[in-house]
Amino acid sequence: MTRPLIEVRDVGRVFRVRSGLLGQPKRVVAVDGVSLALMPGEVMGVVGESGCGKSTLAKIILGLLEPSEGEVLIDGRKLSGMGRRERAQLIQPVFQDPFSSLNPRRRVRDIVALPLAAQGGISSAEVKSRVDRMLERVGLDPSMGERLPAQLSGGQRQRVAIARALVMRPRIVVCDEPTSALDVSVQAQILNLLAELRREFGLSYLFISHNLAVVEHVASEVAVMYLGRIVERNDAESLFRDPRHPYTKALLASVLTPEPGLGIPETGLGETMPDPANVPPGCRFHPRCPVAIERCAQETPSTQKGDSGLVECHLAAPA
Amino acid sequence: MSALLEVEDLEISFGALDAVRGASLEVRRGETHCLVGESGCGKSVTALAVMGLLPSNGARRAKRLAFDGKDILGLDEKGMSRLRGDRMAMIFQEPMTSLNPAYTVGSQMAEVLIRHRGASKRAALDRAAELLARVRITSPGMRLGQYPHQLSGGLRQRVMIAMALMCDPELLIADEPTTALDVTVQAQILRLLADLQKDLGLAILLITHDLGVVARTAHRVSVMYAGEVVESSPVDRLFHRPMHPYTRGLLSCVPVPGKIRRDQPLGSIPGMVPHVTRGFEGCAFRQRCPLTRPDCAGPIERRHPDPDRDYLCQIAPNEMAAP
């Protein structure tokens, strides 16, 4: 059997947040008992709304945040025991806002070269040629290398971020809302580029997004997160065709496809918003769930595994 | 019956930059008119110009700008501020643009009615509570005493909508009202706006970059590109038979669940929006357009494939292949 490139085992992360000067510190459970595996060549989409823990999970997988519990294995090796250089050769990030993730005072060329320079042992001529090739590959003229990020458009900046991620030839790229700040026409350019690069370099992606239409387009497998937990997971085709968890159903129903005449969907969710500082007892989705029964408020649903997917709900069977 | 809001040949400039170049549109009573386009196309400044809220370095000219049949182009600041918040109201993407963090929800909502209608504090607060309930906020009495930061994003958006409705406006201008919200909350807010429109006969000018929002909410759509309305149409025909090559390109960029396959590239528009400065001539889309031809650099004709549609392009309807 092939080994997963990323294996997340029962990972949790708790933050202590103090509200106000004299407030009691609160326990914010951002990620709670999450397990997942990304196989080589796959694209795992992680979807969920703000505060569901998807970005915290991404930071843990990138080694930017320590998990409070559980462990992450990258290519079979423990992330916690891995050095920065080794990690950088395996896994690289592309973040949402290319403006804040690129150093504004450095030229594009130096930004892309930084991971190579950090590795050391590569001649400057070699660095230059690799940077030029990578800029060209992501659709930027090498002359752009002399510019500063502020002199580029949002789409160009995201291309720089992608070039920086790929210049080390990693095997995994973690994309955290890579197109959320972009216009639709630019989003399409970037998504197409990411798809080409994946095939060309044999990459695997962990693709985090709140946009379900985008995830359906790019992902081979999808995990739906709610208040820190994966409440449903399945291969993308099955999950979008046959969602089981009431939250997944509501999320899918909320997607406004560009089809006139269909009107605005009724989600049935009510106005209670999920609060990671105050996770409800029982099923964490029950205060918003349109089909919740008494049991849902008392008993935490266990993870049920089916043929291809898993789901955490008293009222749903896994696919 | 004439439209509630009429904008004809609106031009907005900031120094040498022409942000809007001859935009025309009409919003009818009880109708949602979506103004759609990508960043920098001029859709938000168009809305601000209608409200008389352009920043001081922006200049506005128009052939006609009328509300309820009456010219508002010549109104002074005093006249405009009487209209704003009263007969026409505006809501923004970020509710904190219009909510004051230092005042309770109740006091800033009441202020609107006290200022415009000379209502008593008591009556104004009653009206505020009634509207909070109307935008489906539970326990409105408690919310009146809260500060904006104590509310979630979706609740703040509801409060802002309720505040905009204090004086029973006829026109609501909504600039990306759901862009910062999660999808489930977005659906709830858009549904609320649609219900309010049905109940109150509101005319809504909705500014958005999201074609899904357009398809589901609009009666009529104006597509903006580089400061011009390049296409205007009833919503169903715009999606079923887009005419302008930019509209066509934009529609092909959107991943539609169930319609596009994984590993198949999305449509995309090559290149970037050009910088349009004074003296620009021809079609601003020509460098990115798959159908471009030499006469696109000259004056562009506005064409009318149906009586209630128009688009700005050199290519005639019968020369335009089905998309």
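Below, each value reflects all heavy atoms present in this structure, side chains not excepted, and no hydrogens, waters or symmetry copies. Each chain gets a letter, A, B and so on, in the order the sequences are listed, and its residues count up from 1.
Summarising the geometry, atom OH belonging to B:Tyr225 is positioned 8.0 Å from atom OG belonging to A:Ser185; distances are rounded to the nearest 0.5 Å. Atom CG in B:Leu266 sits 12.0 Å away from atom CD1 in A:Ile190 (nearest 0.5 Å).
Side-chain contact, B:Arg216 with A:Thr257: a donor N or O sits under 3.5 Å from an acceptor N or O. Using modelled atom types and a 3.5 Å distance limit, the side chains of A:Glu49 and B:Thr184 yield a donor-acceptor pair.
Closest approach of B:Pro255 to A:Ala213, counting heavy atoms only: O-CB, 3.4 Å. Annotation for A:Gln189 and B:Gly271: closest pair NE2-O, 3.6 Å, computed over non-hydrogen atoms. Here the closest heavy-atom approach between residue A:Pro265 and residue B:Arg191 is recorded as O-CD, 3.7 Å.
Heavy-atom distances place the side chain of B:Leu155, and not its backbone, under 4.5 Å from chain A. Heavy atoms of B:Ser252 lying under 4.5 Å from chain A are absent altogether. At a 4.5 Å heavy-atom cutoff, A:Arg241 makes no contact with chain B through either its backbone or its side chain. Proximity to chain B is limited to the side chain of A:Gln187, based on heavy atoms less than 4.5 angstrom apart. In this structure, the portions of A:Val255 lying under 4.5 Å from any heavy atom of chain B include both its backbone and its side chain. Of the two parts of B:Val213, the backbone and the side chain both hold a non-hydrogen atom closer than 4.5 Å to a non-hydrogen atom of chain A. A:Leu191 touches chain B through its side chain: at least one heavy atom from C-beta onward sits under 4.5 Å away, while N, CA, C and O do not. Using a 4.5 Å cut-off between heavy atoms, A:Glu237 makes no contact with chain B at all. Neither the backbone nor the side chain of B:Arg237 comes within contact range of chain A; no heavy atom of the residue lies under 4.5 Å from a heavy atom of that chain.
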Check the pair B:Met272 / A:Gln156 against side chain to side chain contact (heavy atoms under 4.5 Å, CB included), numbers first and verdict last. CA-CA 10 Å; B:Met272 288 184 298; A:Gln156 288 170 334; 3.7 Å; yes
Applying side chain to side chain donor-acceptor pair (under 3.5 Å), run through B:Gln186 and A:Ser254 and close with a yes or a no. CA-CA 8 Å; B:Gln186 161 169 285; A:Ser254 302; over 6 Å; no
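Checked by atom type and distance alone, the side chain of B:Asp182 pairs as donor or acceptor with a backbone atom of A:Ser50 at under 3.5 Å. Although no hydrogens or angles enter the test, the distance criterion places no donor-acceptor pair under 3.5 Å between the side chain of A:Glu259 and the main chain of B:Ala215. Looking at A:Asp183, its side chain never comes within 3.5 Å of a backbone N or O of B:Glu38 through a donor-acceptor pair.
In this structure A:Asn211 satisfies the side chain to side chain donor-acceptor pair (under 3.5 Å) test with no other residue, sequence neighbours excluded.
Residues A:Pro258 and B:Val214 fail the side-chain proximity criterion, which asks for heavy atoms closer than 4.5 Å.
Ranking B:Leu181, B:Asp236, B:Thr138 against chain A, the residue ahead of the rest is B:Thr138, based on heavy-atom pairs under 4.5 Å.
The only member of B:Leu190, B:Leu192, B:Leu193 that meets side chain to side chain contact (heavy atoms under 4.5 Å, CB included) when paired with A:Ile264 is B:Leu190.
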